[in-house]
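Just so it is clear, the model here is predicted, and its values are computed rather than measured.
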Amino acid sequence: MNEEALVARLKRLFPQSADVVEGPGDDCAAIRLPGSDSLLLAAVDQVIEGIHYLPGEEICRVAEKLVKRNVSDIAAMGGTPSHAMLTIAANPLGEGTLFRFFEAAQTACARYGMCIIGGDVSALPAPGAVFTLSILGYVTLDCMKRRRTAQPGDLLCGTGSFGRSFPTGRHLRFEPRLEEGRYLGKQRCVHAMMDVSDGLLKDALRMASDSGLALRLEADSVPRYDGASLEEALTDGEDYELIFAVAPGEADALMAEFPYTRLSKFGVFLEGTPGKLVNLPDLKKKGFDHFHENN
């Protein structure tokens with residue numbers, strides 16, 4: 001079992017109602033709202049001690065990361081976040097730690113225009129901590145970007161740089177590309193988009209596979225964070241940058257006019273076996289998978 005196989009099984013298991021525009025498998029679900037031109041975006045994500053942060057990390061940083069990685073999912077759809085619900089399961093479950101967590105979560109949510117509308121708290125039977133945030137937002141249908149709609153010949157582009165997010169602490173300090181996502185959502189030449197959490201290579205191949213396309217990767221063009229090797233840039237994950245598929249004839253103009261961070265081109269989507277990678281680099285790692293040991 002891997003994450004892709006699990007999601008494929010769940011798609012068959014969970015029938016969707018007629019108001020669901022986008023169901024399981026993308027960064028957010030999208031639901032039609034009666035009498036509204038906007039779609040409701042909904043997503044949920046976790047931060048777990050020993051996986052997403054190291055034991056002993058300042059609890060305020062943990063809360064901020066939880067909020068920001070969920071906001072990144074909204075950004076990947078071209079949307080705007082609005083509301084959040086928090087769940088905590090921890091051992092020990094200290095009142096002071098809990099309150100500092102909620103204070104930091106509130107501060108982070110307010111920064112992105114969100115309010116916290118509820119949640120749950122529970123003790124764990126063994127030492128550890130699991131923090132979960134459910135996020136809601138909105139987007140108009142014409143501005144929503146999916147990961148499964150890349151077209152043959154589209155260029156694979158991305159914001160920022162990749163690699164060494166965890167060892168440098170950037171996985172805690174990053175800013176979700178919210179304004180960038182809304183800007184790209186309005187561009188008709190951008191055909192698909194998602195954020196990078198499990199590794200650039202793995203997530204780019206997800207976009208290709210979901211779009212029914214192969215991908216030629218131009219590895220030498222991948223922008224690397226300071227000191228990152230090519231393998232680290234492609235497989236480390238926790239970057240929370242946006243990758244997107246853009247019409248080839250309009251990529252240069254988009255990059256020249258983009259008012260935010262640097263954009264880069266580093267691949268081409270091709271007709272071929274869905275999810276097949278052309279120009280496969282020699283790598284020891286392939287990206288993060290919860291079902292396998294990650295080196």
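- Applying the ring pair (Phe, Tyr, Trp, His ring centres under 6.0 Å) criterion to Phe101, with sequence neighbours excluded, gives Phe131.
- Every residue was checked against the salt bridge (charged side-chain N to carboxylate O under 4.0 Å, His left out) condition with Glu103, not counting sequence neighbours, and none meets it.
- Look at Glu58 and Arg61 and you find no salt bridge, because none of the NZ, NE, NH1 or NH2 atoms lies under 4.0 Å from a carboxylate O.
- Of the possible donor and acceptor atoms, none in the side chain of Asp73 sits under 3.5 Å from a partner among the backbone N and O of Ala43.
- The backbone N or O of His191 lies less than 3.5 Å from a partner atom in the side chain of Thr149, making a donor-acceptor pair.
- At a threshold of 4.5 Å between side-chain heavy atoms, the hydrophobic network of Ile, Leu, Val, Met, Phe, Trp and Tyr places Ile135 and Val44 in two separate groups.
- Panel note: side chain Glu232, backbone Ser229; a donor-acceptor pair is recorded below 3.5 Å.
- Ionic pairing of Asp252 and Lys265 is present here: one or more N-O contacts between side-chain nitrogen and carboxylate oxygen are shorter than 4.0 angstrom.
- Arg170 forms a cation-pi arrangement with Tyr225, by the criterion of a distance under 6.0 Å to the ring centre and an angle within 45° of the ring axis.
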Going by atom type alone, with no hydrogens or angles, which donor-acceptor pairs under 3.5 Å involve a side-chain atom of residues 17-37 and a protein atom two or more places apart or on another chain?
| from | atom 1 | to | atom 2 | distance (Å) |
| --- | --- | --- | --- | --- |
| Ser17 | OG | Asp19 | OD1 | 2.4 |
| Glu22 | OE1 | Arg146 | NE | 2.6 |
| Glu22 | OE1 | Arg148 | NE | 3.3 |
| Glu22 | OE1 | Arg148 | NH2 | 2.9 |
| Glu22 | OE2 | Arg148 | NE | 3.0 |
| Asp26 | OD2 | Arg147 | N | 3.0 |
| Asp27 | OD1 | Arg147 | NH2 | 3.3 |
| Asp27 | OD2 | Arg147 | NH2 | 3.4 |
| Arg32 | NH1 | Ala18 | O | 3.1 |
| Ser36 | OG | Ser38 | N | 3.0 |

Between Thr159 and Glu241, is a side chain to side chain donor-acceptor pair (under 3.5 Å) present by the stated rule, with each step listed? CA-CA 6 Å; Thr159 62; Glu241 298 290 353; 2.6 Å; yes
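- A cation-pi geometry, defined here as NZ or CZ lying under 6.0 Å from the six-membered ring centre and within 45° of its normal, holds between Lys68 and Phe174.
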